[in-house]
Amino acid sequence: MTREISADDVLNLPEPFVEAVQMKSVPRTPFAFITFLIRTHFKARIATMAAIAIFAATIDAFGPLGFSHLVNGVIEAKSAKAGFDAVIPWLALLGGIWLAGGMAYRGYEVIDIGTSPRMRGLAQKYLFTYMLGHSPRYFQDNFAGKLGQKVKQAGQATIGIVGIVCFDMVRVTGSILIGGSIMANTRPDYAIILLIWTIFYIGVVLSLTRRCVQLSKALSDEVSSSTGRLIDAIANADLIRAFAKAVYERKLVSFFLEDEMMASRRLRGFLTLMRIFMHLATLVLMIVLVTITARDWYSGAITAGAFTMIFLLSNQIASGVRDLSFRLLDYFEQLGTLAEALDLVSRPHEIVDRDDAKPLHVHAGAISIQN
């Protein structure tokens with residue numbers, strides 16, 4: 001529900017984001033800005049969320065190990081003609097692992113409820129507060145719609161970057177390290193294959209994302225320009241009607257929308273190529289590991305449980321790395337969006353107070369007409 005506040009009551013209301021005060025400068029790079037927010041307001045929360053992400057990755061990695069014990073237990077119980085009660089402890093262990101993993105993710109989300117919305121609000125208020133200190137020429141040279149959109153985008157990009165780094169990157173890194181260690185304990189050559197594939201895969205994806213960042217930034221520029229043009233035209237609808245310029249404005253906006261469309265097509269085409277590579281690379285890893293482990297199981301070098309564990313672990317890690325690759329695209333896009341917003345908003349103020357300026361205290365107002 002939209003809050004309704006009368007003009008007379010605004011100054012008497014408590015300020016929700018009282019921490020955000022007038023600033024002489026704003027950090028000009030994304031990481032400096034995010035570090036400032038975390039260091040000032042969210043150190044304990046971010047540390048707790050990262051720790052939970054590591055714990056969740058650890059629990060997930062031990063899931064396939066528990067499943068391997070369950071498979072071996074079922075085979076042994078059947079061979080010994082023992083009752084099904086013999087495998088109940090393994091079922092309980094596996095259920096406990098799944099429950100702990102699910103609860104860890106829910107715990108992360110609970111802490112995030114009080115973190116991301118507030119971080120987004122503070123980011124927007126810091127930028128808005130600093131923006132108000134710019135000179136009149138600054139607002140004349142920039143679309144009002146574009147400035148407002150950049151402030152909103154900066155807040156959303158901030159929590160997007162923090163979420164990807166604090167959760168996705170931490171979780172997948174932990175999954176690779178712990179899962180690789182479990183593989184190495186079973187057969188070191190499995191872990192070596194996984195390591196080589198991971199290095200190759202991430203290296204190719206990072207090289208491709210450079211082009212993706214350029215295309216994302218180009219799309220962001222076109223979206224900002226078309227949005228600013230649309231908002232300014234709507235805000236001045238009476239002038240457009242008064243001067244009979246509706247056709248002119250429609251054609252002008254069409255050119256901006258076409259540029260946005262072409263930029264979006266270029267980005268989507270490149271993302272499709274990246275996804276094809278990701279799918280093929282993941283498929284190759286799965287085929288190689290399944291072939292090798294099936295051969296070792298057939299020769300008796302590993303148990304059926306170990307074969308199951310390697311299959312589940314490799315699928316889990318490959319899926320995690322692939323998902324992280326998709327998130328990296330979002331990461332670089334959000335990074336470019338935040339960098340562009342900071343570059344626009346955090347420019348030095350043209351008109352500033354003198355160092356020895358005293359606070360202005362106005363106790364009463366009056367109009368005096370002389371001569």
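Quick note: numbers below take in every heavy atom, side chains included, and nothing from hydrogens, waters or symmetry partners.
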Exercise. Under 6.0 Å from the CZ atom of F243, do we count more than 12 heavy atoms belonging to anything else shown?
Worked result: no

Exercise. How far apart are the closest heavy atoms of F277 and V205, and which atoms are they?
Worked result: CE2-CG2, 4.0 Å

For this session: Kindly state whether the ring of H349 and the ring of Y138 have centres lying under 6.0 angstrom apart.
Result: no

Problem set entry | Close side-chain approach of N72 to T308, heavy-atom, < 4.5 Å | no

Seminar exercise, completed: Scanning both residues in full, the closest heavy-atom pair of A157 with Q334 reads CA-OE1, 3.1 Å

Exercise. When rounded to the nearest 0.5 angstrom, what is the spacing between CD in E222 and OG1 in T227?
Worked result: 10.5 Å

Exercise. Under the side-chain contact (heavy atoms from CB on, under 4.5 Å) test, which residues partner S264, sequence neighbours left out?
Worked result: L219, R268

Seminar exercise, completed: Correct closest heavy-atom pair for A56 and A104 would be CB-CB, 3.9 Å

Exercise. When clusters are formed by joining ILVMFWY residues with side-chain heavy atoms under 4.5 Å apart, either directly or through shared neighbours, do F256 and Y248 land in the same one?
Worked result: yes

Exercise. Under the salt bridge (charged side-chain N to carboxylate O under 4.0 Å, His left out) test, which residues partner D141, sequence neighbours left out?
Worked result: none

Problem set entry | CA sep, side-chain torsions, deciding dist, call: M119, I38, side-chain contact (heavy atoms from CB on, under 4.5 Å) | CA-CA 8 Å; M119 181 179 291; I38 293 175; 4.2 Å; yes

Problem set entry | Crowding at OH, Y201 (>12 non-hydrogen neighbours, <6.0 Å) | yes

Problem set entry | Close side-chain approach of S314 and Y190, heavy atoms under 4.5 Å | no

For this session: On the 0 to 90° scale, with breaks at 30° and 60°, tag the H134-Y130 ring pair as parallel, tilted or perpendicular.
Result: perpendicular

Exercise. What do the steps show when you test C166 against I46 for side-chain contact (heavy atoms from CB on, under 4.5 Å), and what is the final call?
Worked result: CA-CA 7 Å; C166 187; I46 294 300; 4.3 Å; yes

Problem set entry | L206: side-chain contact (heavy atoms from CB on, under 4.5 Å) partners, not counting sequence neighbours | I202, T209, L328, F332

Exercise. Which heavy-atom pair separates I182 from M309 by the least distance, and what is that distance?
Worked result: CG2-SD, 3.7 Å

Problem set entry | More than 12 heavy atoms from other groups under 6.0 Å of CE on M103 | no

Exercise. How far does CD1 of I317 sit from CG of L312, to the nearest 0.5 angstrom?
Worked result: 11.0 Å

Exercise. S254 side chain to R250 main-chain N or O, any donor-acceptor pair under 3.5 Å?
Worked result: yes

For this session: Could you tell me whether a side-chain N or O of R322 sits under 3.5 Å from a main-chain N or O of H279, the two making a donor and an acceptor?
Result: no

Problem set entry | Partner of L194 by side chain to side chain contact (heavy atoms under 4.5 Å, CB included), out of L285, I310, L313 | L285

For this session: Answer yes or no: is there a donor N or O on one side and an acceptor on the other, between the side chain of K358 and the main chain of D356, under 3.5 Å?
Result: yes

Exercise. Would the number of heavy atoms belonging to other residues, nucleotides or ligands and lying under 6.0 Å from CZ of F255 be above 12?
Worked result: no

Exercise. Taking the side chain as C-beta and beyond, is there a heavy-atom pair between V162 and S116 under 4.5 Å?
Worked result: no

Problem set entry | Separation between CZ of R106 and CG of D112, rounded to the nearest 0.5 Å | 12.0 Å

Problem set entry | Residues T337, Q153; criterion side-chain hydrogen bond (donor to acceptor under 3.5 Å, both in side chains); working and verdict | CA-CA 7 Å; T337 299; Q153 286 180 342; 5.3 Å; no

Exercise. Does R28 CZ have over 12 foreign heavy atoms under 6.0 Å away?
Worked result: yes

For this session: Spell out, as yes or no, whether a donor-acceptor pair under 3.5 Å connects the side chain of S68 to the backbone of L65.
Result: yes

Problem set entry | Check: F167 and I52 side chains under 4.5 Å, non-hydrogen atoms | no

Problem set entry | L239 with I231, same ILVMFWY side-chain cluster at under 4.5 Å | no

Exercise. What distance do L147 atom CG and K150 atom NZ have between them, rounded to the nearest 0.5 Å?
Worked result: 10.0 Å

For this session: Hey, could you give me the CG/CE distance between D189 and M183, rounded to the nearest 0.5 Å?
Result: 10.5 Å

Problem set entry | CA sep, side-chain torsions, deciding dist, call: T158, L37, side-chain contact (heavy atoms from CB on, under 4.5 Å) | CA-CA 9 Å; T158 297; L37 288 174; 3.8 Å; yes

Problem set entry | Ring geometry between F31 and Y331 (parallel below 30°, tilted from 30 to 60°, perpendicular above 60°) | tilted

Exercise. Can you check whether I164 reaches M169 side chain to side chain, under 4.5 Å on heavy atoms?
Worked result: yes

Exercise. Do D296 and F307 touch side chain to side chain, with heavy atoms closer than 4.5 Å?
Worked result: no

Problem set entry | Member of V170, I59, T173 meeting the side chain to side chain contact (heavy atoms under 4.5 Å, CB included) criterion with I54 | V170

For this session: State plainly whether one hydrophobic cluster holds both L177 and V321, where clusters connect Ile, Leu, Val, Met, Phe, Trp and Tyr through side-chain heavy atoms under 4.5 angstrom apart.
Result: no

Seminar exercise, completed: Tightest non-hydrogen contact, residues A123 and G155, listed as CB-CA, 4.1 Å

For this session: Please find out if less than 6.0 Å separates the ring center of Y126 from that of F36.
Result: yes

For this session: Side-chain contact test, heavy atoms from C-beta onward, threshold under 4.5 Å: evaluate it for T115 versus R118 and give yes or no.
Result: no

For this session: Consider only side-chain heavy atoms of I, L, V, M, F, W and Y, link residues closer than 4.5 Å, and tell whether M262 and L273 are in one cluster.
Result: no

Seminar exercise, completed: Taken to the nearest 0.5 Å, the spacing of M278 CE from M274 CE works out to 4.0 Å

For this session: Identify whether F67 and L99 are in the same connected component of the hydrophobic contact network (ILVMFWY, side-chain heavy atoms under 4.5 Å).
Result: no

Seminar exercise, completed: Between L94 and G66 the two heavy atoms that sit nearest each other are CD1-C, 4.0 Å

Problem set entry | Test item: I193 and I292 side chains (from C-beta on) under 4.5 Å apart, heavy atoms | yes

